[in-house]
Amino acid sequence: MATAVQRTRRSSSRKRKNPRKPEVEKAYIYSWEGADRKGRKVKGETRASSLALVKADLRRQGLTPLKVRRKSASLFGNRKKKITAKDIAVFSRQLATMMAAGVPMVQAMDIVGRGNQNPSMQDLVLALKADVEGGTSLAAALAKHPLYFDDLFCNLVEAGEHAGILENLLDKIATYKEKTESLKGKIKKALFYPAAVILVAILVIAIIMIFVIPQFETLFQGFGADLPAFTRLVVDMSKFVQNWWWAMLGGFILSVYVFAYFWKRSRTLRQKVDLVLLKTPIIGAILHKAAIARFARTLSTMFAAGVPLVEALESVSGATGNVVYSDAVLKMREDVATGQSLTLSMKQQPLFPHMVNQMVAIGEESGALDSMLGKVADFYEEEVDNAVDALSSLLEPLIMVVLGVIVGGLVTAMYLPIFQMGQAVLGK
């Protein structure tokens with residue numbers, strides 16, 4: 001028979017295993033009209049959990065609520081937008097600007113949150129505000145949302161809070177985020193155009209193979225003559241695609257799924273793919289420059305914030321966007337932790353050009369490492385921009401030529417029997 005103490009322990013352990021989740025009040029969008037202290041009419045929208053809270057908030061702002069009503073849901077429901085890196089950058093910039101102007105942090109977050117057009121971002125900022133109001137530091141509040149605020153972001157905010165220069169650090173974070181997103185956009189631009197054209201080419205070829213060539217095949221059957229070898233090859237390919245298109249499509253989808261599955265779970269696979277991409281002509285040079293730009297920009301931002309070099313390198317390794325560079329930075333961190341200079345540890349990695357090593361050496365000797373790294377980042381970001389423009393100019397005529405050869409070859413294969421038959425008639 002269990003004692004009272006044992007029953008109490010079992011009861012408490014059950015409570016720990018199944019803690020009750022706090023209920024989150026659902027927020028709605030309210031449109032309101034009111035009058036200020038001078039009697040002038042004003043109107044706007046706000047997000048709150050009840051009508052009473054909206055009226056109370058308006059009175060706190062010195063407004064007399066005249067008409068408040070909840071906005072009805074749209075035809076497709078109240079679908080929330082995804083929070084993007086651009087939203088986080090804008091949030092950082094707005095918060096830094098308001099705090100630099102002397103607005104208290106909680107009030108600044110309230111203004112930024114309620115004024116945001118993205119409901120998801122609005123909920124996130126107001127949740128951060130509630131944590132800060134409860135006595136939590138901003139860095140700890142941000143750490144509760146790792147999907148939107150990574151270790152780099154939290155470390156910089158924590159450094160700013162400890163040094164009393166949070167608004168300056170938030171401004172640096174905003175600049176860093178904006179430049180990083182700009183760089184990502186350039187890389188996507190370099191890869192999107194050829195990928196889109198190749199996809200359209202595959203679609204066009206599939207349509208020709210499945211719908212157009214069978215019509216010609218029916219026509220050729222009435223000739224009663226042997227088809228040219230090239231035409232026969234294209235017709236056989238068309239039959240194969242018609243019979244096995246479902247297997248080809250299924251195999252492609254399965255391959256993409258398997259690749260994505262192992263990509264998320266295997267660092268070795270990511271390392272091999274990144275290594276192959278870095279050695280790819282033209283594209284590889286752009287990816288090299290982009291990784292160096294991210295490395296320099298991130299390290300410059302963290303070093304300027306007063307984050308120790310060893311700790312900064314750990315965060316930088318995850319911000320390079322390339323596993324090969326990430327591994328190299330982690331090796332550099334181990335060397336720096338044993339007392340080596342950053343310049344010497346970088347020279348031992350073959351990924352960094354001589355110019356980057358020299359700039360870092362000058363920065364270390366002059367005590368202006370963050371400034372030198374910032375100049376390196378500016379230089380390589382501009383290099384990426386120029387390389388992407390050059391790649392786009394090069395790929396456009398090249399892809400058109402390839403498409404012309406493929407489609408022209410298929411058309412030629414279909415008209416070869418007709419040309420031969422015409423020559424035979426003329427010969428008679």
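For S326 (side chain) and S317 (main-chain N/O), a donor-acceptor pair under 3.5 Å exists by modelled atom type. With hydrogens and angles ignored, the 3.5 Å screen pairs no side-chain donor or acceptor of T280 with any backbone N or O of I283. Checked by atom type and distance alone, the side chain of T136 pairs as donor or acceptor with a backbone atom of D131 at under 3.5 Å. Of the possible donor and acceptor atoms, none in the side chain of E383 sits under 3.5 Å from a partner among the backbone N and O of K289. Side chain of T64 to backbone of G34: no donor-acceptor contact under 3.5 angstrom is found. One N or O on the side chain of E161 and one on the backbone of A139 form a donor-acceptor pair closer than 3.5 Å. At least one donor-acceptor pair under 3.5 Å links the side chain of S255 to the backbone N or O of G251. Judged by distance alone, with hydrogens and angles left aside, the side-chain atoms of T301 form a donor-acceptor pair with the main-chain N or O of R297 at under 3.5 Å. A donor-acceptor pair under 3.5 Å links the side-chain atoms of D274 to the main chain of V323, judged by distance alone.
Atom CG of L369 is separated from atom CG of L373 by 4.5 Å, given to the nearest 0.5 angstrom. Atom CG of L275 and atom NZ of K279 lie 4.5 Å apart (nearest 0.5 Å). Atom OG1 of T84 sits about 8.5 Å away from atom CE of M121, to the nearest 0.5 Å. In this structure, CG on L124 lies 9.5 Å from CG on D87, to the nearest 0.5 angstrom. The structure places CE of M372 at 11.0 Å from CD of Q358, a figure rounded to the nearest 0.5 Å. To the nearest 0.5 Å, atom CD1 of residue I173 and atom CD1 of residue I88 are 11.0 Å apart.
Taking the six-membered ring for Trp and the full ring otherwise, Y380 and H288 have centroids separated by 6.0 Å or more.
Looking only at atom types and distance, the side chain of Q242 has a donor-acceptor partner in the side chain of S238 under 3.5 Å away.
Between E181 and K86, no side-chain nitrogen of the basic residue sits less than 4.0 Å from a carboxylate oxygen of the acidic one, so the salt-bridge criterion is not met. Salt bridge status for R232 with D236: present, with a side-chain N to carboxylate O gap under 4.0 Å.
Ring pair F352/F295 is tilted by interplanar angle, where 30° to 60° counts as tilted. Relative orientation of the W244 and F240 rings is tilted, given thresholds of 30° and 60° on the angle between their planes.
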Stepwise side-chain hydrogen bond (donor to acceptor under 3.5 Å, both in side chains) check, D123 with S120 = CA-CA 5 Å; D123 291 344; S120 299; 5.8 Å; no
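The local environment of CZ in F262 is sparse, with at most 12 non-hydrogen atoms from other residues, nucleotides or ligands closer than 6.0 Å.
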